[in-house]
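One structure is given here, and the rest of the page talks about it.
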Amino acid sequence: MSTAFLYRQIFLSSCLLFCFCLPFGVKSDELQLLLNLKSALNRSSTPNVLDSWEAANPFCSFNGITCNAEGSVKEIELSSQKLTGVLPLDSICQLQSLDKLSLGYNLLYGAITKDLSTCVKLQYLDLGNNLFTGSFPDISALSELQYLYLNGSGFSDTFPWKSLENMTNLVVLSLGDNPFDRTPFPDEILKLKKLNWLYLANCSIEGRIPPAIGDLTELIELELQYNYLSGEIPVEIGKLHKLWQLELYSNELIGKLPVGFRNLTNLEYFDASANHLEGDISEVRYLTNLISLQLFENNFTGEVPPELGEFKKLVNLSLYTNMLTGPLPQKIGSWAEFDYIDVSENFLTGPIPPDMCKKGTMKAVLMLQNNFTGGIPATYASCTTLKRFRVSYNSLSGMVPAGIWGLPKVDIIDISFNQFEGAITSDIKNAKAIGTLSAEHNLLSGELPEEISEATSLVRIELNNNQISGKLPHGIGELKILSSLELQNNRLSGSIPESLGSCASISNINMASNSLSGKIPSSLGSLPTLNSMNLSRNELSGEIPESLSSLKLSVFDLSYNRLTGPIPESLSIEGHNGSLTGNPGLCSPTITSFKRCPPDSGMSKDVRTLIVCLALGATILLALLGCFLYLRRTEKDHDRSLKEESWDFKSFHVLTFTEDEILDSIKQENLIGKGGSGNVYKVMLSNGAELAVKHIWNTDSNGRRKSQSTAPILSKRAGKAKEFDAEVQTLSSIRHVNVVKLYCSITSEDSSLLVYEYMPNGSLWDRLHTSRKMELDWDTRYEIAVGAAKGLEYLHHGCERPVIHRDVKSSNILLDEFLKPRIADFGLAKIVQANGGKDSSHVIAGTHGYIAPEYGYTCKVNEKSDVYSFGVVLMELVSGKRPIEPEYGDNKDIVGWVCSKLKNKESVFSTVDPRIPDALKEEAVKVLRIAILCTTTLPALRPTMRNVVQMLEEAEPCKLVGVVISKDGDHKKQEAMDYAEKFNQQL
Ligand SMILES: *[C@@H]1O[C@H](CO)[C@@H](O)[C@H](O)[C@H]1NC(C)=O
Ligand SMILES: *[C@@H]1O[C@H](CO)[C@@H](O)[C@H](O)[C@H]1NC(C)=O
């Protein structure tokens, strides 16, 4: 609903609150009716508006009550008060003088079964934005009604349209956002000649917009978005010359903008996006008062009218995904406080208009996928409000103005696939908000500035396929939330900085095809979330660090370097075959395609003996030293850290173990897993029961492990500790058969232990992809899918507030002794965050291959990001493949791979795991369809976990109808929806 609409509501309500009247003849029966109302409504907040409703007080002075001159209740204004309960309408309708009942924006529920015909005096009725159920009753008796708000009220079935027939006094009619039955545009509404505001968005109206709409000439606001309207826009709409806002988006309208449009000269907000409109948009050239014009996702052709360049109030322009040609008017956006332009995915040419930030207010330039030429106007280098700058896939060239790199608020710079030249300048140190730097496939040269390490919000660096030379910045380890680093196909030289091992959030490193030399830093082996590493085609030498063995990599490529020496044992497995070829100096005792170790090096026997002796000596010395250090460390880590420190034991349930029992078990031999946030130990209690304990190191704001040190840190910790405890308390209260139980936490100054129930069958990842792989038949896989979905549904919808997992993946779905799934590690990202000091707005959680695309753009997570990751898990279950596999090709993951297989039925079926028998492949494909919906690019188009459970249970995909496309936000892509559609057609 428009802001203007809201303003009007607020204006009306405040007016009515101010004109209070003194009570004259107090009517005790009215008092009783109001007390009935009070007792029916629970207040979820205290203090609240109903506190003053006491029998001892005159009821005309009750908050929210206005009386008339006779002392009878005239108005009840209780909107936005968090009231909940079933409305006692029979009581309310006995208030003889009541002409206004305003209860919008509350939590009222239940069906209205009472006859409302006794509320005859009502002029104003607002029950909108509540949780009612059932159908709305006939209200034809309410002939005085002027304002009727039922938007978002929850009423369903067939609306009693007939009752509107004689309500000719209606000025505002707001029925949108309700799940009513499908209906053609109701004729009854066309008789309401006084209507100013008509809000019928998202309430299942189908068919044509009737030409008689042109008779409602008092309309100022007409909102019909999110319906099933088809046919052409009637030319009669041009008669609504008072119209100020017209919303027609997300329907199925066809044809051209009718000529009548030119008469709508008062129009300030016009949105007809996401329809099937065609023809040119020359008709808008007359709408000179437009503030916002949204025509994206249609089939419009022709040029953008030059007059748009003279529109003095225009601040939002969104024309993306059409077939528009020609240049943009160069003065566009230069008059008012311009906000954003999105003209992506057209065939526009010519230069970028230079003055859209003239007033210093512009936030987004989105012009990707066109044929724009010329350079980036220098004016944008000082546009300090700019947050999103995306001009990728054009024919732009020249130097990028230095200031662009350092815009203080910019969150994404995307200039990839152009012909830009020059270097990334040291200005980038000022880009404190930048999350994504995407400039791949250009002609950028020069060195990467050392100052890039000061842009500490960076999550993605995509600079591959340029001509960048020189060394990598040695301070790169300062980028603590960097998740993806793509530098392949450049001219980088020198060694890989050791500090890269401090990029604690990195999951993807690609530096293939450069001239990097020196050794692979062993620090890379300690990157907790790394799972894709490609260093192939460089000049790296020396041995492969043993430390890399501890990584869990889905992409691993060191081929075509100059590596020598033995291949570490754990890397010698079949899966990595091919990723070490082209290194003639490597040897292996097990892989036959490599020479055997130790090789005959051709040295004299004496020298060899000497070397062997020296080596032996050194080994013994090292071993002794190692033992010594190990003992000291063990002592340090466990005896001191774990026992002597003061541990704060928070138990929320009746437990059958003691703190000491847990602390004693945190040792190397009990280690069963390593994850992004900490190690997992298996604890066997004296009574035979088993537990899993996660040991999390608390980190400071730089991602370093916290050391016990200064007082300020201690006091900061106190605040954080509270948050941590609160978080653990919430999580440990979660009880669901598909969610791993969190028993308690034990915290100390620099680490925390989380005690969980133990799952004997490991994780789904293990069962699908590793040496612990087992034959999971389709029934089992399906049960795992449904169970895991229910667990996640519970986290999202079943708790007091939604728990967002943030790292849904098959290794976080554990299996009990009957292979029933349970979600693990839920809410952990939040916990780690609560315990450390990381900037919450930018914490990146998740694992390469499972991360929803919006991470890269907003770094904000919500339930829908979990839904995406869950979709990836479903794809793993169906295909038996990992999220990232070399066979998917460059820059593709399982989602891209599946989508590339939607061409025809055969290729869809080819994605199903060959171990699933043909007879069941049909079933598997049903689940795949759900997976595709879950992995839709646009979060708003993904189903909720509740829908996912329903769909899985029916094993039938949901129809996309009625799914709401969020209107705000970035340049929206519909590919995924198209995939789904294509898919539905084919099967
Ligand atoms: C509207 O008024 C007409 C004429 O008075 C009447 O026949 C009709 O029943 C009324 N409609 C409703 C729904 O009350
Ligand atoms: C637009 O306005 C002109 C002048 O008032 C009028 O002649 C014309 O019929 C109108 N067009 C439509 C479609 O209403």
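Keep in mind it's a predicted model, so treat the numbers as computed, not measured.
Counting heavy atoms from C-beta outward, Leu540 and Ile496 have side chains that approach closer than 4.5 Å. Taking the side chain as every heavy atom from C-beta outward, Ile894 and Ser879 approach each other to under 4.5 Å. Side-chain contact check for Asp342 versus Phe296: every heavy-atom pair is 4.5 Å or farther apart.
Rounding to the nearest 0.5 angstrom, the gap separating the CG atom in Asp918 from the CZ atom in Phe909 is 9.0 Å. Here Leu928 contributes atom CG and Leu874 contributes atom CG; the two are 9.0 Å apart, rounded to the nearest 0.5 Å. Between atom CG of residue Leu558 and atom CG of residue Leu586 there is a gap of 8.5 Å, rounded to the nearest 0.5 Å. Note that the OG1 atom of Thr944 and the NZ atom of Lys864 stand 7.0 Å from one another [nearest 0.5 Å]. Here the straight-line distance linking atom CG of Asp411 with atom CG of Leu437 works out to 12.0 Å at 0.5 Å rounding.
Ser513 and Tyr560 form no side-chain donor-acceptor contact under 3.5 Å, judged by distance and modelled atom types alone. Under the 3.5 Å distance criterion, with hydrogens and angles disregarded, no donor-acceptor pair is assigned to the side chains of Ser869 and Asp866.
Ring planes of His769 and Trp765: perpendicular class, angle over 60° (limits at 30 and 60°). Between His695 and Tyr681, the ring-plane angle classifies as tilted under the 30° and 60° cut-offs.
A search for side-chain contact (heavy atoms from CB on, under 4.5 Å) contacts involving Ser392 returns Leu368, Asp414, Ser416, not counting sequence neighbours. Partners of Arg822 by side-chain contact (heavy atoms from CB on, under 4.5 Å), not counting sequence neighbours, listed by chain and number: Val740, Lys741, Glu757, Met759, Asp816. Not a single side-chain contact (heavy atoms from CB on, under 4.5 Å) links Glu783 to another residue, sequence neighbours left out. Partners of Asn534 by side-chain contact (heavy atoms from CB on, under 4.5 Å), not counting sequence neighbours, listed by chain and number: Asn510, Ala512, Ser536, Asp557.
The minimum heavy-atom distance linking Asn583 with Ser559 is given by the pair ND2-CA, 3.8 Å. Nearest heavy-atom pair, Asn466 versus His441, reported as atom, atom and distance to 0.1 Å: ND2-N, 3.9 Å. Residue Ile506 comes nearest to Ile509 through the heavy atom pair CD1-CG1, 3.7 Å, listed as atom of the first residue, atom of the second, then distance. Of all heavy-atom pairs between Tyr850 and Tyr868, the closest is O-CD2, 3.5 Å. Summarising the geometry of Val948 relative to Cys934, their closest heavy-atom pair is CG2-SG, 3.7 Å, with the distance given to 0.1 Å. The shortest non-hydrogen separation linking Leu877 to Trp778 is O-CZ3, 4.2 Å.
Using modelled atom types, one side-chain atom of Asp893 and one backbone atom of Gly896 make a donor-acceptor pair closer than 3.5 Å. At least one donor-acceptor pair closer than 3.5 Å links the side chain of Arg781 to the backbone N or O of Leu776. Judged by distance alone, the side chain of Arg767 and the main-chain N or O of Asn761 form a donor-acceptor pair under 3.5 Å. Listed for the Asp807 side chain is no donor-acceptor partner under 3.5 Å among the backbone atoms of Lys809. Without hydrogens or angle criteria, Asn514 side chain to Leu516 main chain gives no donor-acceptor distance under 3.5 Å.
Among residues at least two apart or in separate chains, salt bridge (charged side-chain N to carboxylate O under 4.0 Å, His left out) pairs with a member in residues 876-889 are Lys881-Glu887.
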May I have the step-by-step check of side-chain contact (heavy atoms from CB on, under 4.5 Å) for Phe870 and Met945, ending in yes or no?
CA-CA 9 Å; Phe870 185 72; Met945 280 315 297; 3.8 Å; yes
What donor-acceptor contacts under 3.5 angstrom involve side-chain atoms of residues 786-794, with partners at least two apart or in another chain?
{"unit_1": "Lys790", "atom_1": "NZ", "unit_2": "Glu953", "atom_2": "OE2", "d": "3.1"}
{"unit_1": "Glu793", "atom_1": "OE2", "unit_2": "Arg946", "atom_2": "NE", "d": "3.3"}

